[in-house]
Amino acid sequence: MEKATILVVDDTPENIDILIGILGDDYKVKVAIDGPRALALVAKSRPDLILLDVMMPGMNGYEVCKLLKQDPLTSHIPIIFVTALSESSDEAQGFALGAVDYITKPVSAPVVKARVKTHLALYDQKRLLEQQVKIRTHELEETRFEIIRRLGRAAEYKDNETGLHVVRMSHYARILAIKLGLPSTFCDLIFNAAPMHDIGKIGTPDAVLKKPGKLDAEEWRIMQQHAAIGAEIIGEHSDPLLQMARRIALTHHEKWDGNGLVGEDIPLEGRITAIADVFDALTSQRPYKQAWTIEATMELFDNQAGKHFDPKLVAMFKEILPEAIAIRDTYLES
């Protein structure tokens, strides 16, 4: 098992020698004779624990501790002050800055060994717990995403044999968001929320949803209700993913120059999903139609830019068209 690394920071060589003598057999000990050197060593290679003198010329131990605790990369390292200061106010100041313990000089070898061992053990337990929490959180997020994807596919199975529509269009939405330069959090959210865009179809009667011919006025009115039904199914939640999924379900059929929300009043995720959804619907074969060619599909997009679709997004989608075609070919209906 690899030895833990202890950084000893003290401006007095004799004190450093004493601590090396106490800890050298059990740990890998590094030393620094002042604050700036200590910070440089920590930046280069983070130790598992720091024994830090308080009274040093120039930058004192309190200042070193404060800087280390302000940096997210070093804030987790346990710091034990080793000092001749023994007033309770001195200890309170050290603990307020984030130190885990105090050892007074002259040091006692058994005390140093016991304190170092204890805080290293606590540090190891904390790191293990954080790792377990991180793994579990990732598992829960993946489970949530999978449930959302499967709910989206459940709606597609009503009028799409394999449900791959939601897979393809979510990829289209993501690459379009990336092309727009949107934050990675947004790109990930739209990738996982877009599959819920047509969840409201669960509430659409099969006679309307699967009608092979053109819908009459009443049937079209019923079909249009699936956006509101979808928003109602998803509900209102504090979770950002479900919030985006609801906005997408509610607005992905809004038109840029339409009668409802208009232009940039339509949420960006709704405008992106509209393009992703229509592109896949047109270029995919369905029981009631043949797949459109890419050329015919893009001609429609050109004609509908500024009408049905956000013209800026249409232009951006044309730039990522080769990626979209590659996605379509990867997830072809079997």
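Each residue takes its place number in the sequence, starting with 1.
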(request) Please tell me if the side chains of L321 and M298 come closer than 4.5 Å, counting only heavy atoms from C-beta onward. (result) yes
(request) Give a yes or no on whether K3 atom NZ has more than 12 heavy-atom contacts from other residues, nucleotides or ligands under 6.0 Å away. (result) yes
(request) Side-chain contact test, heavy atoms from C-beta onward, threshold under 4.5 Å: evaluate it for T83 versus T104 and give yes or no. (result) no
(request) Grab the two heavy atoms, one from C65 and one from L97, that are nearest each other, plus how far apart they are. (result) SG-O, 3.8 Å
(request) Apply side-chain contact (heavy atoms from CB on, under 4.5 Å) to I178 and list each qualifying residue two or more places apart in sequence or on a separate chain. (result) R174, C187
(message) Please check this pair: side chain of N15 against backbone of D11, looking for a donor-acceptor N/O pair closer than 3.5 Å.
(response) no
(message) Tell me whether N259 at atom CG has more than 12 heavy atoms from other residues, nucleotides or ligands lying less than 6.0 Å away.
(response) no
(request) Considering non-hydrogen atoms only, spot the tightest contact between A291 and T283 and give its length. (result) CB-O, 3.3 Å
(request) Please indicate whether E219 has more than 12 foreign heavy atoms, meaning atoms of other residues, nucleotides or ligands, lying under 6.0 Å from its CD. (result) yes
(request) Would you indicate whether Y123, at its atom OH, is surrounded by more than 12 heavy atoms from other residues, nucleotides or ligands within a distance under 6.0 Å? (result) yes
(request) Compare every heavy atom of I79 with every heavy atom of L68, then report the nearest pair and how far apart it is. (result) CD1-CD1, 3.8 Å
(message) Can you confirm whether more than 12 heavy atoms, excluding those of K105, are under 6.0 Å from its NZ atom?
(response) yes
(message) Are V9 and L19 connected into the same hydrophobic cluster when the rule is that any two of I, L, V, M, F, W, Y join if their side-chain heavy atoms are below 4.5 Å apart?
(response) no
(request) Using atom types as modelled and distance alone, determine if a side-chain donor or acceptor of N303 lies under 3.5 Å from a backbone N or O of E299. (result) yes
(message) Testing the basics here: between A245 and I234, what is the closest heavy-atom pair and its distance to 0.1 Å?
(response) O-CD1, 3.4 Å
(request) Return yes if some donor-acceptor pair links the side-chain N/O of R127 with the main-chain N/O of L122 below 3.5 Å, else return no. (result) no
(message) Heavy-atom count check: over 12 atoms from other residues, nucleotides or ligands less than 6.0 Å from E236 CD?
(response) no
(message) Can you tell me if Q225 has over 12 outside heavy atoms packed within less than 6.0 Å of its CD?
(response) yes
(request) Please answer whether the main-chain N or O of R168 pairs with a side-chain N or O of H171 as donor and acceptor at a distance below 3.5 Å. (result) no
(message) Keeping Q243 on the side-chain end and H237 on the backbone end, is there a donor-acceptor pair under 3.5 Å?
(response) yes
(message) To check you understand the geometry: which heavy-atom pair defines the closest contact between A193 and M244, and what is its length?
(response) CB-CG, 4.0 Å
(message) Side chains of D10 and M56, heavy atoms from C-beta outward: is any pair under 4.5 Å?
(response) no
(message) Membership question, hydrophobic clusters at under 4.5 Å side-chain separation (ILVMFWY): are V82 and V29 in the same one?
(response) yes
(message) Taking the basic N atoms (NZ, or NE/NH1/NH2) and the acidic carboxylate oxygens, is any pair closer than 4.0 Å for R221 and E218?
(response) yes
(request) Check whether any side-chain heavy atom of V116 lies under 4.5 Å from a side-chain heavy atom of V112, and answer yes or no. (result) yes
(message) Applying the side chain to side chain contact (heavy atoms under 4.5 Å, CB included) criterion to I272, which one of I248, L182, D310 satisfies it?
(response) L182
(message) Determine whether a donor-acceptor pair (N or O, by modelled atom type, separation under 3.5 Å) exists between the side chain of S170 and the backbone of V167.
(response) yes
(request) Could you give me the CA-CA distance, side-chain angles and deciding distance for R271 and H252, then say whether side chain to side chain contact (heavy atoms under 4.5 Å, CB included) is met? (result) CA-CA 6 Å; R271 287 178 271 145; H252 73 284; over 6 Å; no
(request) Please check if any side-chain donor atom of D198 sits under 3.5 Å from a side-chain acceptor atom of H165, or the reverse. (result) no
(request) Could you go through the ring pair (Phe, Tyr, Trp, His ring centres under 6.0 Å) check for Y62 and F81 one step at a time? (result) CA-CA 9 Å; Y62 293 141; F81 280 122; 5.3 Å; yes
(message) Does any part of the side chain of I50, heavy atoms only, come nearer than 4.5 Å to the side chain of P78, both counted from C-beta?
(response) no
(message) With a 4.5 Å cut-off on side-chain heavy atoms, are I80 and L49 touching?
(response) yes
(message) Using a strict threshold of under 4.0 Å (side-chain N to carboxylate O), is an ion pair present between K28 and D48?
(response) no
(message) Could you check whether H253 and H197 have their ring centres less than 6.0 Å apart?
(response) no
(request) Would you check if the side chain of K69 reaches a backbone N or O of S75 as a donor-acceptor pair within less than 3.5 Å? (result) yes
(message) Is the ring pair F279/F301 parallel, tilted or perpendicular, if the boundaries are 30 and 60 degrees?
(response) tilted
(message) Determine whether a donor-acceptor pair (N or O, by modelled atom type, separation under 3.5 Å) exists between the side chain of E254 and the backbone of I266.
(response) no
